[in-house]
Amino acid sequence: MAVLHHSLDFILFSPVDSASTVPSLLSIFHEQEMTETVHDTKGHGYLATLVGKHGRLALLRVHSHGMVTIDLQCYQEDSVAEVDNLLNALEKKLKALLSGNIKRFKRLPALIRGAEVDRYWPTSDDRLIEYDIDQVLYEEDSAYQNIQILHSKQYGNILVLNGDINLADSDTAYTHAIMGSGKESYTGKEVLILGGGDGGILAEVVKQKPKMITMLEISLMDSDGCKTHMRKTCGDVLDNLTGDCYQILVEDCVPVLKKYVQEGRMFDYVINDLTAVPISTEPEDSMWEFLRLILDLSIKVLHPSGKYFTQGNGVNMTDALTLYEEQLEKLSCPVGFSKEVVCVPSYLELWVFYTIWKK
């Protein structure tokens, strides 16, 4: 049983006297059989909680600095007509009482709390986004992460790992960007993919007839879900661990990369789809240590004329991106880099992608 949280905000040019505002508002609540409890605010305006039938709860606040807010909580199964009538009456009354003093008014759609299917995710810079997700298609816990595939009316099926949106059916822009945005030819090349369990990158590179693709994925549990529920993204490449020009190795990429370094194995392209640049700006954070290790090992197995592709993070995460670029100056060999900003549909924000090469 979900709870709906409705809100009305009135930002005023100047403070108002609660004695002239509150009684008329309380009369509307009383008509809905809600009774109030007034709380002492120590001189900081007026505050009352109101409780009514069906567990409805309202918070009425006249702020001393020039703002009136009303929050109303009710169950999703509650009468929509009754709730709308209450909110409409409160909005109409406040507009009349505060006429000429309203700087800005905002009535937001209800926040749905505790629903069976979660619809809310933060962007990289902590702005709340609501998705039109209506169904959980797949959910499993591997030894490394929680894996979900959710359905969105707008974006199709979405892979979510540990609560972070990774890739949706709509996100060909992500796959295109992390492969070089159409500027590279993979035909006849040796390609290494780190991660990429959704199969999106693998499916696209296979189309270009490379010599061989080696994909390193530590667990196939996300791939198991994707090959059933995200075939628009992966096609049939996850149905088998090997194909005419690819092999999927279910292994931790770190020891495999170290082995490749020792063997002197080289790749024309390395595509790192393991993780975004950490949001943390502490360079000694464990995620940063992991990122530096993967980056250094990858550059060591990169052909002198090859390229390394990876995602960065949201374009607003400037401190983290700057720190990442500083790490590029500390690798075992000098590198150059370029970056591209791409709109990934399901991320609902601009995302940064990097191309790195040996100097």
Side-chain angles (χ1 to χ4, degrees), residues 121 124 131 133 135-152 154-181 186 191-208 210 213-243 245-253 256 269-277 294 298 309-314 342-349 351-354:
W121 272 269
S124 61
Y131 289 83
I133 290 169
Q135 191 177 0
V136 178
L137 301 174
Y138 177 87
E139 182 164 15
E140 295 288 343
D141 287 302
S142 73
Y144 307 99
Q145 59 196 352
N146 173 261
I147 305 158
Q148 291 181 309
I149 298 178
L150 311 176
H151 177 260
S152 159
Q154 182 171 196
Y155 301 113
N157 294 346
I158 304 175
L159 175 65
V160 179
L161 301 179
N162 282 343
D164 289 329
I165 288 180
N166 270 53
L167 195 74
D169 286 335
S170 64
D171 295 342
T172 54
Y174 178 97
T175 305
H176 188 68
I178 205 168
M179 289 176 57
S181 295
Y186 289 85
V191 183
L192 178 63
I193 301 173
L194 307 179
D198 53 73
I201 298 170
L202 179 60
E204 289 303 312
V205 178
V206 162
K207 293 176 184 178
Q208 296 194 34
I213 307 165
T214 301
M215 177 172 142
L216 302 177
E217 178 59 62
I218 198 168
S219 169
L220 287 182
M221 289 190 71
D222 54 341
S223 299
D224 289 340
C226 290
K227 70 182 181 183
T228 300
H229 299 289
M230 295 192 70
R231 294 189 80 84
K232 289 182 180 178
T233 295
C234 66
D236 62 1
V237 296
L238 297 178
D239 292 350
N240 299 288
L241 294 181
T242 59
C245 61
Y246 71 89
Q247 59 178 342
I248 301 172
L249 304 181
V250 187
E251 298 188 49
D252 183 341
C253 68
V256 176
Y269 293 100
V270 178
I271 303 174
N272 180 354
D273 193 37
L274 293 169
T275 181
V277 167
I294 295 297
S298 297
F309 296 114
T310 191
Q311 61 169 314
N313 209 303
V342 174
C343 180
V344 180
S346 77
Y347 289 15
L348 291 172
E349 60 180 315
W351 209 251
V352 178
F353 292 84
Y354 284 92

Closest non-hydrogen atoms of Gly197 and Ser223, given as atom of the first, atom of the second and distance, are O-OG, 2.7 Å
By side-chain hydrogen bond (donor to acceptor under 3.5 Å, both in side chains) - contacts of Asp239 (at least two apart): Arg231
Distance col, row Thr228:OG1 vs Tyr138:OH, nearest 0.5 angstrom, shows 8.0 Å
If you apply the rule side-chain contact (heavy atoms from CB on, under 4.5 Å), what do you find for Val342 with Tyr347, and how did you get there? CA-CA 10 Å; Val342 174; Tyr347 289 15; over 6 Å; no
Working to the nearest 0.5 angstrom, can you tell me the gap between His151 NE2 and His229 NE2? 12.0 Å
Measure the acute angle between the ring planes of Tyr186 and Tyr269, then classify it against the limits of 30° and 60° as parallel, tilted or perpendicular. tilted
If you apply the rule side-chain contact (heavy atoms from CB on, under 4.5 Å), what do you find for Ile158 with Leu167, and how did you get there? CA-CA 6 Å; Ile158 304 175; Leu167 195 74; over 6 Å; no
Closest contact, heavy atoms only, Leu194 versus Val270: CD1-CG1, 4.2 Å
OG1 on Thr310 to CD1 on Ile271, rounded to 0.5 Å: 10.0 Å
Derivation and outcome, side chain to side chain donor-acceptor pair (under 3.5 Å), residues Thr214 and Gln247: CA-CA 5 Å; Thr214 301; Gln247 59 178 342; 3.2 Å; yes
Between Met230 and Asn157, the two heavy atoms sitting closest are CE-O, 3.5 Å
Check: Tyr246 and Val205 side chains under 4.5 Å, non-hydrogen atoms: no
Looking only at non-hydrogen atoms, find the nearest pair between Ile294 and Leu274 and report the distance. CG2-CD1, 4.0 Å
Name of the residue among Asp222, Asp198, Val250 meeting side-chain contact (heavy atoms from CB on, under 4.5 Å) with Glu217: Asp222
The complete set of side chain to side chain donor-acceptor pair (under 3.5 Å) pairs with one or both residues in residues 165-176, sequence neighbours excluded, reads Asp169-Thr233, Asp171-Ser346, Tyr174-Asp273, Tyr174-Gln311
Is any side-chain heavy atom of Leu241 closer than 4.5 Å to one of Leu249? no
About how many Å separate OG of Ser298 and CG of Leu192, when rounded to the nearest 0.5 Å? 6.5 Å
Could you check whether any side-chain heavy atom of Ile248 comes within less than 4.5 Å of a side-chain heavy atom of Leu238, counting everything from C-beta outward? yes
Checking Glu349 now: which residues fulfil side-chain hydrogen bond (donor to acceptor under 3.5 Å, both in side chains) with it, not counting sequence neighbours? Ser124
Identify the heavy atoms of Ala276 and Trp351 that sit nearest to each other, and give their distance. CB-CZ2, 4.1 Å
With the side chain counted from C-beta on, respond yes when Ile149 and Cys226 share a heavy-atom pair under 4.5 Å apart, and no when they do not. yes
Closest approach of Asp164 to Trp121 (non-hydrogen atoms, all atoms of both residues): N-NE1, 4.4 Å
Nearest 0.5 Å, what's the NZ-CG distance between Lys227 and Asn240? 8.0 Å
In Å, rounded to the nearest 0.5 Å, how long is the span from CG of Leu137 to CG of Leu159? 11.5 Å
